[in-house]
Amino acid sequence: MNNKMKLEFLSLSENERFARCSVSAFASQLNPTLDELEDIKAAVSEAVTNAIIHAYAGTIGTVCVACTLSEQTIEIKISDQGCGIEDISLARTPLYTGSTDSERSGLGFTVMETFMDEISVESTLNSGTTVTMIKKINSASPSGL
Amino acid sequence: MKVSLKLKNNVLIASLSGELDHHSAKKVKDIVEDAIKNKGATSLIFDFSGLSFMDSSGIGVVVGRYKLISSLGGKVSICGASPSVNRILTVSGIKKIIPVYEDTEKALTNLLEGIY
């Protein structure tokens, strides 16, 4: 199975559900288990929430979600043109949050790292951030059956 | 997101149904905090049996209320988590401070008997 899709939407919190459900529906072409789909939904939700809360921080911008299915693997790229991350390793530290909102747990990257097989973050200050996540779908059969 | 509230012996049981993410988190926070203040609850049970999705925003909601309830001298517990919600709870490390039970009856019994 080789396929790709791309979504663009405004950085509104209503779109967090839209993004994770859309990616989940697309990923289902690889015949994943329910657990694998839940992993993908959680990871997408975290990355999109980061774009909304941190990258655009109260302003409205565009979030792009691009997915590529290749054999038994899904690659998900979530990008924004927001403020960028000054210190990526600090941002990825469990329980660290750059938000002043005390409701933020600082676990977004931890969830992405735990539920996906690979994650990389590229960011340029005042230009934007791209989070790339890869997950191998173990249950997928080559024929897609 | 729907939040149903019940009060039993000063224990507020907040039953959530729907998806708990950053979008719905503020609504849950506001409803639960209002109920704690207005109903005079000193302890809190989050019933997650109706949750079909949760991400780390849900952890923020629980930890925030844990701080409030602890300041009132009460206890917080969680029950009814689905396998996927349970995995978020495990990854977060929240189970080290907040006990997780099968259902509201077990959570309530343990809370009222003070068994952790």
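Each chain gets a letter, A, B and so on, in the order its sequence line appears, and its residues count up from 1.
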Please state whether the side chain, the backbone, both or neither of A/S45 comes within less than 4.5 Å of a heavy atom of chain B. both
Chain A interface, residue from B/I59, B/I94, B/I88, B/D21 that has the most non-hydrogen pairs under 4.5 Å: B/D21
Hydrophobic cluster membership, B/L72 vs B/L44, 4.5 Å side-chain cutoff: yes
Begin from the C-alpha positions of B/L16 and B/D47 and carry the test side-chain contact (heavy atoms from CB on, under 4.5 Å) through to its verdict. CA-CA 6 Å; B/L16 277 52; B/D47 172 15; over 6 Å; no
Top of A/I53, A/L34, A/L95 for chain B proximity - count of heavy-atom pairs under 4.5 angstrom: A/I53
Ring-face cation contact, B/F53 with A/R20, 6.0 Å cut, 45° max: yes
Using heavy-atom distances under 4.5 Å, tell me whether B/K29 contacts chain A through its side chain, its backbone, both, or neither. side chain
Could you tell me whether B/K39 atom NZ has more than 12 heavy atoms of other residues or ligands within 6.0 Å of it? no
Of the backbone (N, CA, C, O) and the side chain (C-beta and beyond), which part of A/D39 lies under 4.5 Å from a heavy atom of chain B, both, or neither? both
Measure distances from B/T90 to the heavy atoms of chain A and classify the residue's part below 4.5 Å as side chain, backbone, both or neither. neither
Assigning hydrophobic clusters by single linkage (Ile, Leu, Val, Met, Phe, Trp, Tyr; side-chain heavy-atom cutoff under 4.5 Å), is A/M5 placed with A/L69? yes
Closest contact, heavy atoms only, A/N15 versus A/L10: ND2-O, 2.8 Å
Answer key: most heavy-atom pairs under 4.5 Å with chain B among A/E38, A/E103, A/R104, A/R17 is A/E103
Report the option among B/G64, B/G58, B/S56 that has the most heavy-atom pairs separated by less than 4.5 Å from atoms of chain A. B/S56
Between A/E36 and A/K135, does at least one N-O distance fall below 4.0 Å, as a salt bridge requires? no
Please classify the contact of B/S57 with chain A as side chain, backbone, both or neither, using a heavy-atom distance under 4.5 Å. both
